[in-house]
Amino acid sequence: MIEVRNVTKTYGKKHTTFTALDNVNFTVPDGASVAILGKSGSGKSTLMHVMSGLDRPGVGEVIIDGQDILQLKQKEVDIFRSTKMSFIFQSFFVQANESCYDNVSLPLEIAQTPVRQRRGMIEKTLESVELLDKIKSRARDLSGGQKQRLAVARAIVNSPRVLFADEPTGNLDSATGEKIEDLLFGYNKKSGSTLIIVTHDPDLAKKCDIQIRIKDGTIESIIESQQPVIAHRPVARKIQL
Amino acid sequence: MKMRDTIQRAGRSLRQAKARTLLTSLAIGVGAFTITLSFAAGAGGRAYTDAIVSANTDVNELSVTKAPEQQQEGPQKYTDISSAGAASANPFFPASFLNNNDITRIVAVKNVESVAPNYSPSVKYITRTGQDKYVAPISTFSPSVKLKYVAGGANSNLSTDEIVLTQEYVKALGFASDQAAIGKTVDIVAERLSSFATSPEMETFTYKVKAVSDKSGLALRAQSTLLLSNEAAKNLYDYVSKDTRDYGNFALASVRVNDPDAAETVKTELARMGYEAQTAKDVLGTLNTFINVLQGILLGFGALAVLTSIFGIINTQYISVLERTQQIGLMKALGMRQRDVGRLFRYEAAWVGFLGGVIGSGMAVIAGVIANPFISEALSLGDINLLIFSPIAAAGVIIGLMIVSVAAGMLPARKAAKLDPIEALRTE
């Protein structure tokens, strides 16, 4: 469960302060898929950064599994991110010069997964995004859709509990974008992890269990889909640390 | 992140910027080249002087002169004695000579085995039946001085009727070959100096050729000196100089001690008695001072080259950090710790240093191996190599440069570590 309580984030100094998030409160149950919807500049990216511990708001709490990550030291937040969270970005951020294998290997190296376990995990994950045949190819030789699939593989190889996706289909055409959506929701359902998608695309947002609309740093509305979130919540899974 | 992974990633990043990596390493390589060469030249030079000294002197031997009289600082007070004798004004020759009294005093010193005055009799000429006459400088043979023989050999000692010729004299005296001269006799004619110039007294001394020596790169003494046994030289000296003013005065005497360790104590004892003694070690020390100064100069140039390359590394690494802002941001977003990001860039710098060290010292070794024969040829050192490379020195250079590179990469690595991932991942 992720609880966001009274989060306020301001930028700038006294006279030129800009409030990116203004007293934001909501709760996301485990295993839910959440869309944070809003126009650009609405504060939706800042909210994602705050929830993942990349950014530290001046006021508020972000409680993940009972732990306020804003109280943790930088080192502990890093460990938290390397073992329990992952990211997908609009512009992929795959390492163009590296092979698919090395790209997917990066989070495992950061999390200090033993070397002998890595190959199996990487191959399995690349297979799930249908890129196993490209394992030795350089990322620069992939198409846009393939690059984002590689990014998905890199994001899920470590079996994160929370997966953040920042405009994951923003740079893709609708057909390849749909494939990425299928992968994301598929992982969300199969592993029971929480999926948080930051988007301005209402169609993508509709596919999520919860839609959080943000405007000018405040929550405009929280819409839960017809089916109760709890209905497809799978049995709790053991998390590999 | 584990060290192994960090090192691998660092290596991979460098491979992706091959030209830049290579050029930066080459800058360090210049320093590595110079430093490796300076170590090699230093080692070679010391080995060379070592060889010279061990070939020309004996650790059991001291050469002793009479110490010049104590000099006051500043202008010398005039005495009647100081004006006497031009010899005392000549700085290259000792002011006073050793005489038989001195010899007996020195023999009495503890640990001294024997004292041999340095007889250098000046004879008229050397010749052989049916051949021309040639000027002949004579020295005494010492078994501790290693000579290179082309024919025959005299490794223990010479008897009083034996002589060691050089190749040049063998040719001049008309022998068919070096080998042919062995066992043949040569004549040395000496003139008694005390005899009247109008009716000079001459005598012919005959010697059997025991060995023929070659030019040696290690020889300190004049190449054309003919060697006689100490006894034979004394006989000649006695004949030539008897009844002259200088008879019984020697500039130099060789003192043999019974134990190499005693050389130093004998030296101090002799100094107390008013003699100046030089041991083999002293000779080596003087020669090595020159070598060390030269090596130091070369090292200084190498250090300067390394200093310049440090700025190259800093520059390259800064550009690398700028270029890879997004990569760093991603790694930090994925939970890579600041410490590990900094380490990644420091390892990259270490790789650059390693490459530069290997390239530079490798080139130095190749250049040295190629140049050695030419240097030996030019300085006529024979089969001696003036550049000696040791794996330890090369490893030391490489490790040292890696440390320097890491130090240079400190600032860029810090910049990378401090990078804000949100800023880094912002795409416009």
Side-chain angles (χ1 to χ4, degrees), chain A residues 9 11 20 40 45-46 48-50 52-56 73-99 101-115 118 138 140 151 154-155 157-158 160 164 166-167 170-171, chain B residues 1-22 316 319-348 351 413-428:
Chain A
K9 170 80 190 175
Y11 291 108
S40 65
S45 288
T46 306
M48 184 191 88
H49 293 148
V50 167
S52 59
L54 282 173
D55 205 348
R56 293 189 171 224
K73 285 177 187 158
Q74 186 59 46
K75 180 180 157 186
E76 292 162 328
V77 175
D78 286 337
I79 292 170
F80 202 88
R81 267 211 304 281
S82 70
T83 53
K84 295 192 178 174
M85 289 179 182
S86 214
F87 295 87
I88 290 163
F89 301 94
Q90 182 174 1
S91 27
F92 322 139
F93 293 140
V94 292
Q95 297 308 306
N97 286 320
E98 291 183 359
S99 67
Y101 182 94
D102 288 331
N103 265 286
V104 180
S105 169
L106 178 63
L108 297 179
E109 289 172 28
I110 291 171
Q112 305 204 354
T113 309
V115 181
R118 285 183 204 161
R138 283 188 173 201
R140 69 150 63 94
R154 183 180 64 197
V157 69
N158 225 4
F164 292 97
D166 189 357
E167 303 280 9
N171 276 4
Chain B
M1 215 159 170
K2 285 182 181 134
M3 198 184 221
R4 203 189 85 130
D5 295 325
T6 318
I7 293 172
Q8 276 183 356
R9 284 218 168 250
R12 221 155 44 215
S13 307
L14 289 177
R15 273 205 299 281
Q16 279 153 20
K18 284 195 190 74
R20 196 167 61 195
T21 306
L22 201 67
T316 313
I319 292 170
S320 182
V321 171
L322 283 180
E323 248 183 24
R324 285 151 62 193
T325 302
Q326 287 187 347
Q327 190 195 357
I328 297 163
L330 176 81
M331 290 194 288
K332 294 187 85 169
L334 292 179
M336 189 151 159
R337 293 177 51 190
Q338 269 197 20
R339 198 190 60 186
D340 291 336
V341 175
R343 200 191 267 165
L344 180 66
F345 279 85
R346 281 202 299 279
Y347 286 173
E348 281 184 29
W351 269 113
R414 209 176 123 86
K415 188 183 165 78
K418 294 264 184 233
L419 211 70
D420 178 5
I422 297 171
E423 284 299 321
L425 292 174
R426 188 160 288 162
T427 45
E428 242 82 34

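Below, read A as the first sequence line, B as the second, and so on, with proteins coming before strands; counting in each chain starts at 1. This one's a predicted model, so the numbers in the text were calculated from it and none came from an experiment.
Between B/Leu334 and A/Ser86 there is a side-chain heavy-atom pair separated by less than 4.5 Å. Within the 4.5 Å cutoff, side-chain heavy atoms of A/Asp102 are placed close to those of B/Arg12.
Residue A/Ser91 holds its OG atom at 6.0 Å from CD of B/Gln326, rounded to the nearest 0.5 Å. In this structure, CZ in A/Phe89 is found 6.0 Å from CG in B/Leu330, a value given to the nearest 0.5 Å. In this structure, CG on B/Leu425 lies 7.5 Å from CG on A/Leu54, to the nearest 0.5 angstrom. The distance from atom CD1 of B/Ile422 to atom CG of A/Asp55, rounded to the nearest 0.5 Å, is 3.5 Å. Atom OG of residue A/Ser105 and atom CG of residue B/Asp5 lie 6.5 Å apart, to the nearest 0.5 angstrom.
Only the side chain of B/Arg4 comes within contact range of chain A, with at least one heavy atom under 4.5 Å from a heavy atom of that chain. Contacts of A/Gln95 with chain B are made by side-chain atoms alone, with heavy-atom separations under 4.5 Å and no backbone atom involved. Contact of A/Arg138 with chain B is not made at all, since no heavy-atom distance falls under 4.5 Å. Neither the backbone nor the side chain of B/Gln8 has a heavy atom closer than 4.5 Å to any heavy atom of chain A.
Of the residues considered (B/Arg9, B/Arg324, B/Gln327), B/Arg9 shows the highest number of contacts with chain A, using heavy-atom pairs under 4.5 Å.
B/Arg15 has no carboxylate O lying under 4.0 Å from a charged side-chain N of A/Glu98, or vice versa, which leaves the two without a salt bridge. B/Arg339 has no carboxylate O lying under 4.0 Å from a charged side-chain N of A/Asp78, or vice versa, which leaves the two without a salt bridge.
Enclosure of atom CZ in B/Arg20 by more than 12 non-hydrogen atoms of other residues, nucleotides or ligands within 6.0 angstrom is indicated. Enclosure of atom NZ in B/Lys2 by more than 12 non-hydrogen atoms of other residues, nucleotides or ligands within 6.0 angstrom is indicated.
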